[in-house]
Amino acid sequence: MSGWVAVAGLGPGAEDLVTPEVRAALAEATDVVGYIPYVARVAPRAGLRLHASDNRVELDRALHALEMAREGRRVVIVSSGDPGVFAMASALFERLETAPDFAGTEIRILPGITAMLAAAARAGAPLGHDFCAINLSDNLKPFDLVEHRLRHAARGDFAMAFYNPRSKSRPHQFARVLEVLREECEPERLIIFARAVSTPDEALRVVTLAEAAPEMADMRTVVLVGNSQTRRVGPWVYTPRGTSVAGAAG
């Protein structure tokens, strides 16, 4: 039997948010590779090998998967959320580009529910109009570029979703992010801090930009920033689909 590589999104945390397509791939797999906590979400079974590794060896992980597929194994690379959003799908193709011997490998990309979409659904519809996603980590790009993109997204009046906002190794950078937002946006701009959505540790907090503090975010938090039209309706937060007044037919 010929081997293949599937890159699968496990969703934001809850098992019922894993898609049937991903479940089927995992049921067929001979091997699962991925970051340690993501592999831990895959139930062991007879005939399945689990290959967990650190978070900073993505290209090595991708090569390992391609090598096993060439041996005829059925390999699933697991990511949280969606594998194409700051995750392993891009890393696999980056590795494939430098390894032409694997060009004929059968590759499948299996989408998943992202953390930002799960968080947005919990809050209402804060990403209901044009939005962008920015990874605030500077592991793979300089923070100057993060700040540049953030400032222009704010000037473009996009709603925004921030991944990896604040960690123990870079606690100061999210404070700078809030400074940039305050330079470009009004104090009443709504911000959602969504932590560990769909898990038992889930917490959702909605504040204004004036009230936001760096300590409200950590690495398990997705931060959603509304645009200038984002508003509350009862307990919900939503961004209108255009510039029409509330209540207009659509």
Side-chain angles (χ1 to χ4, degrees), residues 9 11-13 17 19 79-87 89-90 109 111-138 140-141 143 145-166 173-174 176-198 202-212 216-246 248 250:
L17 295 182
T19 70
S79 293
S80 66
D82 180 276
V85 180
F86 308 123
S90 181
I109 308 300
I113 297 172
T114 70
M116 67 179 171
L117 296 182
R122 285 288 196 268
L127 304 180
H129 197 17
D130 297 338
F131 71 91
C132 65
I134 302 176
N135 185 346
L136 298 184
S137 171
D138 61 355
L140 297 174
K141 61 181 181 291
F143 192 74
L145 181 57
V146 174
E147 186 173 327
H148 174 80
R149 290 176 174 172
L150 169 64
R151 192 176 297 278
H152 282 275
R155 290 177 180 176
D157 201 24
F158 286 92
M160 292 171 266
F162 298 152
Y163 280 75
N164 301 318
R166 187 170 180 268
Q173 290 175 347
F174 189 58
R176 177 58 187 154
V177 167
L178 293 177
E179 288 177 4
V180 172
L181 290 176
R182 287 175 178 135
E183 291 167 8
E184 302 292 343
C185 305
E186 70 284 354
E188 297 78 20
R189 184 72 58 102
L190 293 177
I191 298 184
I192 300 160
F193 292 87
R195 186 178 189 277
V197 170
S198 85
E202 177 179 317
L204 197 73
R205 185 173 186 178
V206 182
V207 300
T208 65
L209 178 55
E211 297 167 329
M216 294 178 181
D218 62 14
M219 285 295 284
R220 298 188 70 192
T221 305
V222 171
V223 181
L224 304 179
V225 180
N227 72 13
S228 62
Q229 301 300 309
T230 302
R231 62 195 73 164
R232 296 176 189 257
V233 54
W236 304 101
V237 175
Y238 88 103
T239 300
R241 294 168 295 161
T243 57
S244 58
V245 296

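Just so we're clear, the structure is a prediction, and the values are computed from it rather than from any experiment.
Under the rule for a side chain to side chain contact (heavy atoms under 4.5 Å, CB included), the partners of N164 that lie at least two apart in sequence or sit in another chain are N135, S137, R170, M219.
Interatomic distance, Y163 OH to L136 CG, rounded to the nearest 0.5 Å: 11.5 Å. Here E188 contributes atom CD and R231 contributes atom CZ; the two are 14.0 Å apart, rounded to the nearest 0.5 Å. Atom-to-atom distance recorded for L181:CG and R176:CZ is 10.0 Å, nearest 0.5 angstrom. The structure places CD1 of I192 at 13.5 Å from CE of M116, a figure rounded to the nearest 0.5 Å.
P165 approaches T221 most closely through the heavy-atom pair CD-O, 3.2 Å. The two residues M160 and A153 come nearest to each other via the heavy atoms SD-CB, 3.8 Å. The minimum heavy-atom distance between Q229 and P240, with the atom names listed, is O-CD, 3.4 Å. A pairwise comparison of heavy atoms in F162 and L150 identifies CZ-CD1, 3.4 Å as the closest pair. In this structure, A217 and V223 approach most closely via the heavy-atom pair CB-CG2, 4.2 Å. Contact between I109 and P83 at its shortest, heavy atoms only, is CG2-CG, 4.1 Å.
More than 12 non-hydrogen atoms from other residues, nucleotides or ligands lie less than 6.0 angstrom from CZ of R220.
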If you look only at distance, which donor and acceptor atoms sit under 3.5 Å apart when one is on a side chain in residues 117-124 and the other is two or more places apart or in another chain?
residue	atom	partner	partner atom	Å
R122	NE	E202	OE1	3.0
R122	NE	E202	OE2	2.9
R122	NH2	E202	OE1	3.3

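At least one donor-acceptor pair closer than 3.5 Å links the side chain of D157 to the backbone N or O of S228. At distances below 3.5 Å, not a single donor-acceptor pair connects side-chain atoms of R155 with backbone N or O atoms of E184. Put simply, the side chain of T239 gets close to the backbone of P126: a donor and an acceptor are under 3.5 Å apart.
For the pair E183 and R189, the salt-bridge criterion is not met [side-chain N within less than 4.0 Å of a carboxylate O].
A 4.5 Å side-chain heavy-atom check between P111 and T19 finds every atom pair outside the cut-off. Under the 4.5 Å side-chain criterion, counting only non-hydrogen atoms from C-beta, I113 is in contact with P12. Using a 4.5 Å cut-off on side-chain heavy atoms (C-beta onward), V206 and R232 make contact.
In summary, of the residues considered (L224, L190, L204, I191), a side-chain contact (heavy atoms from CB on, under 4.5 Å) with V237 occurs for L190 alone.
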Subject >> Steps toward side chain to side chain contact (heavy atoms under 4.5 Å, CB included) verdict (L209, R182) >> reply: CA-CA 7 Å; L209 178 55; R182 287 175 178 135; 3.7 Å; yes
**OP:** Start with the C-alpha gap between I134 and F158, add the side-chain angles, then the distance that decides, and say whether side chain to side chain contact (heavy atoms under 4.5 Å, CB included) holds.
**Re:** CA-CA 11 Å; I134 302 176; F158 286 92; over 6 Å; no
